[in-house]
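I have placed the structure first, in the form of structure tokens, so that the comments after it can refer back to it.
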2 protein chains.
Amino acid sequence: MRRKITLKHIARELEVSISTVSKALKNSNEISRDTKDKIQAFAKLYNYKPNNIAISLKNKRTKNIGVVIPDIVHHFFTTVFRGIEKYANKRGYNVIVCVSDESFDREVINMEMLANGSIDGFIMALAGETQLKKDYNHLKEVTEQGIPLVLFDRVTDEIRCDKVVLNDAEIAFEATMSLINSGRQRIALITTDNFFSVSNSREVGYRKALKKGNIEFNEQLVLRLPYDEDIDGIEPFLKSNKIDGLLSVNEIFAIHCMSVAQRLGYTIPNDISVIGFTDGILSKYSTPKLTTIAQHGDKMGEMAAKLLIEKIENDFDEENEVFTTEIIKATLVKRESTIN
Amino acid sequence: MRRKITLKHIARELEVSISTVSKALKNSNEISRDTKDKIQAFAKLYNYKPNNIAISLKNKRTKNIGVVIPDIVHHFFTTVFRGIEKYANKRGYNVIVCVSDESFDREVINMEMLANGSIDGFIMALAGETQLKKDYNHLKEVTEQGIPLVLFDRVTDEIRCDKVVLNDAEIAFEATMSLINSGRQRIALITTDNFFSVSNSREVGYRKALKKGNIEFNEQLVLRLPYDEDIDGIEPFLKSNKIDGLLSVNEIFAIHCMSVAQRLGYTIPNDISVIGFTDGILSKYSTPKLTTIAQHGDKMGEMAAKLLIEKIENDFDEENEVFTTEIIKATLVKRESTIN
DNA sequence: TATTAACACGAAAACGGTTTCGTAATTCTC
DNA sequence: GAGAATTACGAAACCGTTTTCGTGTTAATA
């Protein structure tokens, strides 16, 4: 087993000092052509590669970024992650992922694990539990240590840092308006228990559109479900309410609504038009294909990584630092579950 | 900005040596109760946490594992990753993910980036391009350096290392048999261009079942598509072949087959029974719900992480090391797209 | 020829820990 | 009360780099 070779080995072998080897490999002109040639040839021959850990220790830069997200199986987070990873890699950074699994404790533990030198900065979406508890001390902790932090999607006003969010309210407004404009009057909203900042924003947009369309908001037409995959409430809801349009805050609810509605004899989009959030595979491969809101996770991830790396590399001036909130524009992808 | 505190700071402040601080914090009984109390209290007060990088450099262990996968949006890889992350975290390891995007070059670059001290071991599924090229030098490189490697799902015989695979052939056999046993005679196979070891194995199982069922293999009934989302070939295929059963090597093909078949007037499962691979959300939320093969990605990931960490922590005896190949048993999840 | 400049290299500190070993001071043993 | 054992701590090496600074040798300059 050919162990990794170090500067020391090369130095010993070539009977020069470690500093000479180091400089020669950096092509410093402190070192003569001859010596450089000799050392470089030797290094290449033995496939010398500097040890990242040593370099990290030396310049207090790991070139790693930490990503803490609630879930990695969820399509949206996955695409964001892909965006992060792609951009980060292009800039020479590696990405360490920790999944909080919507748990406050795991979020805290994960951050602590990483905050002790393993990473140069964080990109995070808050766990559901964290948003519920409204306890952000672990975030304060790291920002006070001077570790750059970028929040995306699930953010909070209580932490001063860069953020990347979707124009949730606006796009929900736009989507609802499009339902109204196609003649829908009894428009349901299927959402989650409102712990998530995003669900709230979407409901705001929904209500605003109703108001603009002169439709009175009706709590009866709002179904609040606990979790992503807890869809049993949908069937009774659809049975006991006459609706002709529907906005869901995710794909799964929307798809399930369509399937229940079809089973109940409605045709889509004529009897009921449906719009979902998240442009994942479910939307593309459902029958009918779901009109949905593309959140452009890749873009969000890329933006988050960009903001973070900028913060990391430009030693910002300590005190009166400026924080930006970038808004990613969602788009309505029209497919077969809505009219025109 | 409260910068991170080091042993040196504590030592200076308390007027003791660095070694004393280090030992005191480890509760060494080389140090008197009094001194320990004083140092520990101080450390706690200033929230001292040892620097991971320094520790890594010292004991040549990073407690990081590198995961290189072709795709992170794909459901199967996502679940494997979740399994890895969960287990690794439990054992105190962090996970660095790199996405090869099915590209040989990116796979090589990613491995090189990580192999210089950033990680203690690799978990990988080979990129499509790598399997095509059959060039595994980058894998040889790392194993020769003594870096433990575990391959999963997309593996190769040419590299001696631990592996975790699915019983692809067996389960494909079983699935096909179940179609045959429910009276199906003209069973199609929808697969990918056979660069992937797994597609090959599945076809083997399919053929074996046909043989056992005394059905002659018919190349006409095999559709080989280039990529996961390249599904245009399906409609002509279904139009020009009379089939009554179908096995697909992934979810997407299967779902799309169902939707095309339904559009062509077939009823599922009576006219055509369909079985897919991958028990993702598509299968659960399609209409009808897809009978599919659960690959238990979480389990594969967990097993891969377990094997890897064992290798990392038990300094294996260099030369005649033993490598194991763990087989994860897939299961057939019966839903609505097959009979009974 | 004496002085200076340029060249080519090495010693050593530093990054932040861990660990081995040496040693004063105290306590124990006979 | 002398020698041995124990206690409590510090010095220093080490992990693998980078980088500053010092210095001996040679070449250029006056």
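Just so it is clear, the values below take in all heavy atoms, side chains as well, and ignore hydrogens, waters and symmetry mates. Proteins come first, then strands; the chains are lettered A, B, ... in the order of their sequence lines, and each starts at number 1. Computed from a predicted model, the values in this text were never measured in an experiment.
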Among residues 48-57 of chain B, which contact DNA chain D at a heavy-atom distance under 4.0 Å? B:L57
By a strict heavy-atom criterion of less than 4.0 Å, which residues belonging to residues 27-35 of chain A are in contact with DNA chain C? A:E30, A:I31, A:S32, A:T35
Can you tell me how far C1' of C:dA14 sits from NE2 of B:H9, to the nearest Å? 13 Å
Could you list the residues that satisfy salt bridge (Lys or Arg N to Asp or Glu O under 4.0 Å) with B:D162, not counting sequence neighbours? B:K311
OP1 or OP2 of C:dG16 less than 4.0 angstrom from a side-chain nitrogen or oxygen of B:T6, does that happen here? no
Rounded to the nearest 0.5 Å, how far does CD1 of B:I72 lie from CZ of B:F77? 9.5 Å
Whole Å only: how far is the CD1 atom of A:I39 from the C1' atom of D:dT17? 15 Å
May I ask you to check whether A:F104 and A:H138 place their ring centres under 6.0 Å from each other? yes
How long is the line joining CD of A:E15 and P of C:dA11, in whole Å? 13 Å
Under-3.5 Å donor-acceptor pair between A:S17 side chain and C:dA11 base: no
So, does the side chain of A:K4 form a donor-acceptor pair with the base of D:dG16 at under 3.5 Å? no
Any donor-acceptor pair under 3.5 Å linking the side-chain atoms of A:N51 with those of A:K4? no
Do the side-chain N and O atoms of B:K63 and B:N94 include a donor-acceptor pair separated by under 3.5 angstrom? no
By the salt bridge (charged side-chain N to carboxylate O under 4.0 Å, His left out) test, which pairs, at least two apart or in different chains, include something from residues 6-31 of chain B? B:K23-B:E30
Does the side chain of B:T35 come under 3.5 Å of the side chain of B:S32 through a donor N or O and an acceptor N or O? yes
Distance, rounded to the nearest Å, where A:N116 contributes CG and C:dC15 contributes P: 18 Å
If we count only N and O atoms by modelled type, under 3.5 Å, do the side chains of A:S22 and A:S19 hold a donor and an acceptor together? no
So, A:T130 and A:E107: side-chain donor and acceptor under 3.5 Å apart, yes or no? yes
Quick note, A:L7 side chain, CB onward, closest among C:dC15, D:dT18, C:dT19 is D:dT18
In whole Å, what is the span from the NZ atom of B:K23 to the C1' atom of D:dA12? 11 Å
Protein-nucleotide distance (B:I18, atom CD1; D:dC9, atom P), rounded to Å: 16 Å
End axis versus end axis in the helix from C:dT1-D:dA30 to C:dC30-D:dG1, the angle rounded to 10°, five pairs used at each terminus: 60°
Will you find, in the side chains of B:N89 and B:E85, an N or O donor that is under 3.5 Å from an N or O acceptor? yes
For D:dT18, does either OP1 or OP2 sit under 4.0 Å from a side-chain N or O belonging to A:K26? yes
Side-chain N or O of A:K8 versus OP1/OP2 of D:dC15: is the shortest distance under 4.0 Å? yes
If we ignore angles and hydrogens, is there a donor and acceptor under 3.5 Å between the side chains of B:N52 and A:S118? yes
Look at A:S22 and D:dT18 and indicate whether a side-chain polar atom (N or O) is within less than 4.0 Å of OP1 or OP2. yes
Just how far, in rounded Å, is P of C:dG17 from CG of B:L25? 10 Å
In whole angstrom, give the distance that lies between atom CZ of B:R61 and atom C1' of D:dG16. 17 Å
Contacts satisfying side-chain hydrogen bond (donor to acceptor under 3.5 Å, both in side chains) that involve residues 150-159 of chain B (not counting sequence neighbours) are B:E102-B:R154
It should be established whether A:T20 places a side-chain nitrogen or oxygen under 4.0 Å from OP1 or OP2 of nucleotide C:dC9. no
Between C:dA13 and A:K58, is there an OP1 or OP2 to side-chain N/O distance shorter than 4.0 Å? no
